[in-house]
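Worksheet: one structure, shown below.
Below, each value reflects all heavy atoms present in this structure, side chains not excepted, and no hydrogens, waters or symmetry copies. Within every chain, numbering begins at 1; the chains are lettered A, B, ... in the order of the sequence lines, protein sequences first and strands thereafter.
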Amino acid sequence: MEVSKFAIPEIIFGRGSLQYAALCARRLGAEKVLLVSDSGLEKAGWVQRITEILVEEKLSWVYYSDVESNPRDHQIQKGAKFYREQEADVILAIGGGSPMDAAKGIAVVASNGGRIQDYEGANRIHHPLPPMVAIPSTSGSGSDITQFAIITDVERRVKMTIASRTLVPNISIIDPLILLTKTPELIVAAALDALSHAVESYVSKISSPFTEMQSLKAIQLIMQNLTAAVESRSIENLEQLSIASTAAGMAFSNAGLGAEHALAHSLGGMFDTLHGLVHPVLLPSTMRYNLPACTEKTAEIGRILLGKKLRSARSTALAGIEHLEEYCVSFGVPLKLRDIVPDCTKLPELCQMAINDVCLLTNPRPATWEDLLQLCEEAW
Amino acid sequence: MESKPTLEDLIGIEYAKLGFFREVQEKIAELHASNLELARRQREIQAILNGITDVMAVVSMDLQVVSVNHVLRDVFGEAEPEGKRCYQVFRQVSQPCTDCPVITAIETNHVCRRLCIFPVAGKNRHFEITASPLLNCDGDVCNVLVLKRDVTLEKEYQAKYYMAEKMATVGVLAAGVAHEINNPLTAISGFAEGLKRRLPKLKDRAAPDVFQDFNEYIGIILKECERCQEIVQTLLTFGRHKSSEFTPVNLNTLVIDTFKLLRHHLKLFPEHVLTMELNESLPLIYGDASQLKQVILNLILNALDAVRAKGAVAIRTSPLNDIWVGLAVEDTGCGIHNQHIDKLFEPFFTTKPVGKGIGVGLSTCYNIVQSHGGEIVVSSEEGQGSLFLVKLPRKGGPW
């Protein structure tokens, strides 16, 4: 077996764990917190709640909210400037993937200087970051757990992947109660993101026993709880989705992802496509493409999706993929690439860009941009 | 991107979450190094300050001593002058001095130089004081740097130089005058002698009382002429810079010879008024024996004059160091008035009543000793006595 590594932040999990946010920040040396979030969280009242907690702990804070879906490079630069001007210390992010990735980017530029583009790739950060506390508001992105930050380079229209162990937040506070304010659409999108994390990390070239068990557990919990969570929005089901998302995050932070995420990042960069919408479209096609390289593992996923084993590994795997497609249909999400991409003439360019994505490194089956194009055409 | 990430990069076994500890360690090491460097520079600057041989002090606007160099501690005997007022340290007074150069420097924002005389450890010292304002980064005066250069020695040398010049001038003058007076004086005394020889011939022709008067007057004229000649002779000796032959002489022998000359004179004084302590291993000196005897004679006569009926005079010879041989004439007499000390060696300065001396004795001594490359040092306390120390270079010394 290859030498592997498994690293995750401190995880504080449970209903109401949000109340420890300020305490955690103080423990990391906070005197003046930079709070990063977005307008959605403001509207839901969570930003207000966090500031109250900070005030109770007698911490001063400044608030940065210039973050949108697929956070932009200039928003990072502005945030870092704000951080330095305000002489803030600990960075506290609450939100989905975008505010958390933005917070990571701000941390990098604030302490390492330069432009966020300078850190694109793996392990290019050389100075310690400000302490970070991440509070996920969706059970999907896993950014509160992982060593990745995805930032959009507006000029190049590329979603840059920045990978570094130092991007792992110091503390992740996961409070399922926050999910109660989410719409069913958001819950589905986030859960399918988590599912794709789990699937891709499971078949990754560098998966390890420690990531594999997290991946499978995540798939199992999502299959068991997502439908019920959307229907009932009960805290019990939402909590299980939180666990699933966190488990998937642990897996892919250490095992990486694959071709599906490489394409998803390119889509986000070129068309600003919402990340959560990409997975029902691309995940089944990617699994089919990868099948020859990881039949047994895909069969294991199929076994969980189906709840049973078929005669052969291959047939179990294929049946599982079909089941996944049907499952997505049940949530009424778009299933074809044409539904989310305006123009098919851009597909070659898209695939040539995806070839350079870090995620493709860990894909179980090697892929050229033509392979990816074929994959996209299948999904069209 | 410089290089494409690899699988190993993603696994990142050699990469961990970066902590601040290393940065802190590096910062501490950096600070430590710069601290050492600062300490080294501090020592360098201190060494420079300690190398300054003048008294140095930094004084604040309210005249408080901020820092000093070691010369100040040594000269003023203050172990910890910092924090005290400058006037307490320098003059042991409780009020700022009038005409303080520091205050002037603060007021004018210019360097202020003064020459001051004040006592240090009981002795008057000449100091050349420089007070320069030290500016802070805003260009305002925050402290004053005070440098005090002890110029006592320079001033002494300067005084000696003036003295020597004066002596030389007076000497030439005196010799000239003496020479001019000598001729008429010779005529007066010659004709007075002639009158005296012819006087017996008048004895029968003149009335006895007139004759008697003539006889007496001529006697007085001759006697006074003789005195004048003596004075003229002294003046000529004083003014003349005889380039006499120097030979190796023993000061002890000179003292004993002089003592013999005085034996008659000493009968007027109590017994044992004069004591001698002659160092037997006294090195020889180069000199003119008769001139030096004149010096010794002069000093002893002065001392005897000072003690009069009570007190004693001691004569000592001793090698002072590798260069000097000393002859000390010490008396327990009346001492010398403070005001007179500086004028002692000036020609024609005398405290004796008219007719008892013309004030060229000590200045002659001065000239003789100086022509021998030596010097005379006087210390005296009124009512207690005086000490005249003649320092002469020993044979084979630098002169």
Side-chain angles (χ1 to χ4, degrees), chain A residues 2-10 28-29 89 107-108 111-112 117-132 146-148 156 158 160-170 201 204-208 211 252-257 355-363, chain B residues 1-47 58 60-62 64 66-67 82-83 109 133-145:
Chain A
E2 298 282 327
V3 176
S4 67
K5 178 164 173 172
F6 190 79
I8 56 171
E10 286 184 29
L28 291 172
D89 35 53
V108 171
S111 70
N112 286 258
Q117 279 83 349
D118 301 340
Y119 306 98
E120 185 181 359
N123 303 323
R124 299 166 68 95
I125 301 166
H126 299 296
H127 295 287
L129 306 189
M132 289 184 284
T146 67
Q147 58 160 329
F148 302 108
R156 286 189 292 149
V158 172
M160 300 177 286
T161 300
I162 300 161
S164 167
R165 292 287 178 188
T166 216
L167 279 177
V168 176
N170 299 63
S201 62
S204 157
K205 285 206 303 210
I206 58 169
S207 68
S208 73
T211 66
F252 91 82
S253 180
N254 294 286
L257 294 165
I355 284 297
N356 293 319
D357 196 284
V358 176
C359 292
L360 200 61
L361 273 178
T362 45
N363 197 59
Chain B
M1 265 191 279
E2 281 161 18
S3 59
K4 292 211 163 196
T6 61
L7 282 183
E8 285 68 34
D9 281 327
L10 285 183
I11 298 169
I13 287 176
E14 358 171 343
Y15 300 98
K17 189 164 177 63
L18 298 169
F20 286 97
F21 184 62
R22 228 184 100 74
E23 298 228 323
V24 169
Q25 274 180 318
E26 280 168 13
K27 186 58 78 181
I28 288 173
E30 216 173 90
L31 287 174
H32 187 67
S34 71
N35 198 30
L36 285 180
E37 174 63 17
L38 280 178
R40 193 186 62 76
R41 277 191 215 168
Q42 173 78 37
R43 280 197 301 277
E44 252 177 36
I45 292 171
Q46 195 56 51
V58 175
S60 69
M61 302 282 280
D62 56 355
Q64 215 165 29
V66 178
S67 62
E82 289 94 342
N109 198 1
L134 299 176
L135 306 182
N136 63 15
C137 45
D138 297 329
D140 298 326
V141 181
C142 55
N143 284 323
V144 178
L145 175 70

Legend entry - Main-chain N/O of B:Asp9 paired with A:Asn123 side-chain donor or acceptor, under 3.5 Å: yes
Legend entry - B:Lys17 vs A:Asn170 side-chain heavy atoms within contact, under 4.5 Å: yes
Legend entry - chain B contact via A:Leu361 - side chain, backbone, both or neither, heavy atoms under 4.5 Å: both
Legend entry - Heavy-atom side-chain proximity of A:Phe148 to B:Leu10 below 4.5 angstrom: yes
Inset, instruction - Below 4.5 Å from any heavy atom of chain B, which atoms of A:Gln117 appear? Answer side chain, backbone, both or neither. - result: neither
Inset, instruction - Select one option (side chain, backbone, both, neither) describing which atoms of A:Ala163 are under 4.5 Å from chain B's heavy atoms. - result: side chain
Legend entry - Closest non-hydrogen atom pair between B:Pro5 and A:Gly121, with its separation: CG-CA, 4.1 Å
Inset, instruction - Below 4.5 Å from any heavy atom of chain B, which atoms of A:Pro130 appear? Answer side chain, backbone, both or neither. - result: backbone
Legend entry - A:His127 portion near chain B, given a 4.5 angstrom heavy-atom threshold: both
Legend entry - Under 3.5 Å: donor-acceptor pair, side chain of B:Lys4, backbone of A:Val358: no
Inset, instruction - Taking all heavy atoms of A:Pro131 and all of B:Phe20, pick out the closest pair and write down the distance. - result: CD-CE1, 4.5 Å
Legend entry - Under 3.5 Å donor-acceptor, A:Arg165 side chain and B:Leu18 backbone: no
Inset, instruction - Measure the spacing between NZ of A:Lys5 and CD of B:Glu14 and express it to the nearest 0.5 Å. - result: 9.0 Å
